[in-house]
Amino acid sequence: MTDTHNLYQLLPDDLAKWLVEHEHSAAQTRGVMAWAYKKQAPPLFPRLLEDLAKLPRTLPAIIERHLSTDGTQKILFALGDGQRVESVILNYHRKLTVCLSTQVGCAMGCTFCRTGEAGLGRNLEAHEIVGMYLILRKQIWQETSLQAPCPNIVFMGQGEPLHNFEEVKRALEILTHPWALDLGPRQITLSTVGYLPGLTRFRELPRVNLAFSLHSPFEQERRQLIPVEARFPLSEIKQALKTMPLLPRQFITLEYLILKDVNHSERHAQALADWSQDLKSIINLIPYNPVAGFLFQRPGEETVDQFKKSLVKRGVRVMERVARGSDIAAACGQLAGARSSCT
Ligand code: SAH
Ligand code: SF4
């Protein structure tokens, strides 16, 4: 491990190695982690402090903040190389959740998603993902008079997390390690389009919640919406989901985007009920958030209700996602990582 690495990408074993390489005791590892993540006192040894000062620990910088009328905040970060990426702070019933990105852009090219429009810029590194969380947590703590509990995380921002497997894995390990951020894996949800090379390795990750973006139970139709369906078809994804290790009260969330006049017929409801019946799952209906220049339309409330009823009567467990932050383009699928035109 060289000094070009960032402190916030080091797991305890890496840090112990770095300490030994710099002629310090590996026994300092826990104390250094507590100083980095829990703001405890710095180590007392002057030479260690001097060496630590040389270990880069830059974090992404906030360059813009937008506040929605519903309390959602969209935050634009600049990364070390000038790339930009967005995160969102969501406030559902006073429970705070941060929506993190894992890539600059996305390679999956879904036809309804703003992020996929420009393709993949680059993968985020673990320290950038962890860094965004640290900054958002600080921001939340500054804004709440009481120290709020650590916010939950959803990996539903820009990018396909399982297409950046190694860095997302490292970030999850740091986020959940008791010596680092110590989040419960159940506080974290990772959403995937079904990128199979990553999905089949999901069990290598801490036991976080899994959400799968289904959006159509028909392979042909899904391919029109999600081009990677051609490489990783629903039938194969289903096999991977069926063998997913789940904790006793853990369910797979099946995200289902409702696109007006596209995927909410009785035929869809039946096929969706059939597709999900042998999975320990819950369907999350997401009314489409309009994206300028895209042809899809948001369904009316009645349409969503009707579809929900069609599923419920078939015995499917369903919930509905309330759109947050659409007035500041912070809702799902609206993130582009671009500066707003008003600044
Ligand atoms: N790449 C991952 C995670 C990021 S997208 C994935 O696709 O699952 C997070 C969620 O937002 C996905 O379910 C995605 O389908 C959904 N989404 C994308 N564009 C949307 C839009 N315009 N309106 C509503 N949801 C959208
Ligand atoms: Fe990528 Fe997810 Fe958007 Fe598809 S929906 S382009 S996978 S971020």
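We count ligands from 1, going down the list as the structure has it; atoms in each ligand are counted the same way. Starting from 1, each residue takes its place in the sequence as its number.
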- Message: Test side-chain contact (heavy atoms from CB on, under 4.5 Å) on Phe77 and Met132; report intermediate values, then the result.
- Response: CA-CA 8 Å; Phe77 286 101; Met132 280 189 289; 3.6 Å; yes

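- Checking Cys106 against atom 1 (Fe) of ligand 2, an N/O/S atom falls under the 2.8 Å cut-off.
- Atoms of ligand 2 lying under 4.0 Å from at least one heavy atom of Gly116, given by number and element, are 6 (S).
- Note on Glu266 versus Arg314: salt bridge recorded, some NZ/NE/NH1/NH2 to OD/OE distance being below 4.0 Å.
- Nearest to atom 4 (C) of ligand 1 by heavy-atom distance, out of Ser191, Cys113, Gly157, is Gly157.
- Residue Gln158 places no heavy atom under 4.0 Å from ligand 1.
- The aromatic rings of His24 and His22 lie parallel to each other, their planes meeting at an angle below 30°, with 60° marking the opposite boundary.
- Within ligand 1, counting atoms from 1 as listed, the ones closer than 4.0 Å to a heavy atom of Gly159 are 1 (N), 2 (C), 3 (C), 4 (C).
- Here's the thing with Glu160: one of its N/O atoms is less than 3.5 angstrom from an N/O atom of ligand 1.
- Here is the list of ligand 1 atoms found below 4.0 Å of a heavy atom in Thr192: 6 (C), 8 (O).
- For the pair Cys110 and ligand 1, no heavy-atom separation below 4.0 Å is found.
- For residue Cys110, no N/O/S atom approaches atom 3 (Fe) of ligand 2 to within less than 2.8 Å.
- Closest heavy-atom approach to atom 5 (S) of ligand 2 among the candidates Gly159, Cys113, Ser213: Cys113.
- With a 4.0 Å cut-off on non-hydrogen atoms, Phe296 does not touch ligand 1 at all.
- In terms of the side chain to side chain donor-acceptor pair (under 3.5 Å) criterion, residue partners of Ser216 (sequence neighbours excluded) are, by chain and number, Glu221.
- Close contacts of ligand 1 with Val193, meaning ligand atoms under 4.0 Å from a residue heavy atom, involve 6 (C), 7 (O), 8 (O).
- For atom 9 (C) of ligand 1, the choice among His163, Met156, Met108 with the nearest heavy atom turns out to be Met156.
- Using a cutoff of 4.0 Å between basic side-chain nitrogens and carboxylate oxygens, Asp14 and Lys17 are not scored as salt-bridged.
- Centroid-to-centroid, the aromatic rings of His268 and Phe218 come within less than 6.0 Å.
- Near His215, with a cut-off below 4.0 Å to any heavy atom, the atoms of ligand 1 are 13 (O), 14 (C), 15 (O).
- When each atom of ligand 1 is checked for a heavy atom of Ser213 under 4.0 Å away, the hits are 6 (C), 7 (O), 8 (O), 12 (C), 13 (O), 15 (O).
- Glu117 is linked by a side chain to side chain donor-acceptor pair (under 3.5 Å) to Arg114, counting only residues two or more places apart in sequence or in another chain.
- In this model, a donor atom of one side chain and an acceptor atom of the other lie less than 3.5 Å apart for Glu160 and Thr192.
- For ligand 1 and Leu257, the ligand atoms under 4.0 Å from any heavy atom of the residue are 23 (N), 24 (C), 25 (N), 26 (C).
- Close approach of ligand 1 to Val291 (heavy-atom distance below 4.0 Å) involves ligand atoms 22 (N).
- The distance between the ring centers of Phe232 and Tyr195 falls below 6.0 angstrom.
- Side-chain contact of Gln73 with Ser68: a donor-acceptor pair under 3.5 Å is absent, judged by distance alone.
- Glu204 has a carboxylate O that lies under 4.0 Å from a charged side-chain N of Arg201, or vice versa, which qualifies the two as a salt bridge.
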